[in-house]
Amino acid sequence: MTLDRSAGLVETARALAAGEVTARALVERSLARIEATQGSLNAFRIVRAEAALAEADAADRALAEGARGPLLGVPVAVKDDMDVAGEPTAFGCPGEFPAAAEDGEAVRRLRAAGAVVVGKTNTCELGQWPFTEGPAFGATRNPWNHGHTPGGSSGGSAAAVAAGLVPAALGSDGAGSVRIPASWTNLVGIKPQRGRISTWPRGESFQGITVNGPLARTVADAALLLDAASGNHALDPHRPAPLDISAAAGRDPGRLRVALALKPPFTALPTRLHPEIRARTVELAEKLAALGHHVEEADPPYGQIGLTFVPRATAGLAEWAGDVPSPALLDPRTREAARLGRLLSGAPLRAARRAEATLHRRLGGFLTSYDVILAPTTAAPPPLIGALASLGGFATDRAMIAACPYAWPWNVLGWPGVNVPAGFTGAGLPVGAQLLGPAASEPLLVSLAAQLEAELRWHERWPPRELSADSPAA
């Protein structure tokens, strides 16, 4: 038996356990697809061909001996801000980086579940922007239209999954960096509760606003990867109680109270919701109502939440930039943001961290009236390649805020959110909407997302084959 590119994580793991396919065959096919598309999509910074094949052979031996694991022998990818032993972690930056001595905790847990990490995916410089381009690796392109970005900063992971190079991948989300590229490539992307998936060797990444999360074609696949990667290092400061997310993908969510939130949070700069994204989000709301949920328009009381985001984001950037071997090679916008972060890392940062408790109470109060918030994931469809990459610092910030004003508040709160595909623009570009909930609400969000998926069947629609894969091996 062979599996085609439509086989997701759940189906691939099942076929391996049943002996219907070998890990080596799957990894060879994944590597062939990566090689065939690297010149066009450019999804990967590092491809671990020799190591991945050796790990696949070891998985096949273990399977033959009766061993089983949630992902034993399954090829996956991880974003290049995560340590993989023996590989550099450049996080989108130019320069020579040393090889990591050991796996980061999330990667360690994926390997413990049996996954074969075929490579590390491209990301913009230190994950700052909603596009995946840079002088260190070029531009990563959207499988649905090569003229457009897949988003960022987990754009390489999104492109790899959307094109069928791997069945699922890990990304990270500090201001929507999983949800934004998921929305622009027709994927499910989960931003979990802070601490659900460890960011170790950093106990907190970007002062706690960044978390690791999965991208996949289906809710069940994303939930399986989330479960496999979940857990904590002994020194992690955030250790939420374990949850079985995969089980929730098969449960009825019940009748829920849904707030349709179309107004962007406070940004200090003008933003406008693209009419086609508004229409697709409203259509999702209507679908939820048809499924029996109570839906009404209501905007969360965000207040001036942006004032608490900037010190944490820039101080966190300054921390990462301080570890770069060649700071002079960094983008001038990165150096400028790092300087601001150093200025804000004292009293402003402490005030921003203290404000989180107040925000929890305010938004938590809103969520006593609603179970889930439905909001656009972005305000605009995916931009053209190069549209933001050559701008100055303020112009980049302005364009970024205009395109992506909806995702980042949930990073400040540390609560879960799930991007679900919402359809396409008239030009054929994917857009998404996000389901947002309070602390530890991943099971509820996943069960609701799975209910939508059963109705909308978004995973059955693929990018044009000539764009997503360049050889018959695909």
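Note that the structure is a prediction, hence the values are computed from the model and not measured.
Residues passing the side-chain contact (heavy atoms from CB on, under 4.5 Å) test with E296, sequence neighbours excluded: H294, Y370.
Summarising the geometry, atom CZ belonging to R108 is positioned 15.0 Å from atom CE belonging to M82; distances are rounded to the nearest 0.5 Å. To the nearest 0.5 Å, atom NZ of residue K120 and atom CG of residue D80 are 4.0 Å apart. Summarising the geometry, atom OG1 belonging to T358 is positioned 11.0 Å from atom CG belonging to L363; distances are rounded to the nearest 0.5 Å.
Using a 4.0 Å cut-off between a side-chain N of Lys or Arg and a carboxylate O of Asp or Glu, D81 and R202 do not qualify as a salt bridge. Between E336 and R339 no salt bridge is recorded (no basic side-chain N to carboxylate O distance below 4.0 Å).
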Side chain to side chain donor-acceptor pair (under 3.5 Å) evaluation trace for T199 with N212: CA-CA 7 Å; T199 55; N212 294 329; 5.7 Å; no
Steps toward side-chain contact (heavy atoms from CB on, under 4.5 Å) verdict (W458, V188): CA-CA 9 Å; W458 52 64; V188 176; 3.7 Å; yes
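Listed by first then second residue, pairs satisfying salt bridge (charged side-chain N to carboxylate O under 4.0 Å, His left out) with a partner in residues 350-363 read R194-E356, E204-R353, R312-E356, not counting sequence neighbours. Pairs of residues two or more places apart, or lying in two chains, that qualify as side chain to side chain donor-acceptor pair (under 3.5 Å) and include a residue from residues 379-397 are R333-T396.
Between the side chain of W144 and the backbone N or O of T185, at least one donor-acceptor pair lies under 3.5 Å.
Because its NZ or CZ atom is both nearer than 6.0 Å to the ring centre of W462 and within 45° of the ring axis, R217 counts as a cation-pi partner of that residue.
A ring-centre distance under 6.0 Å is found for H360 and W415.
In this structure, the side chains of V211 and I197 stay at 4.5 Å or more apart for every pair of heavy atoms.
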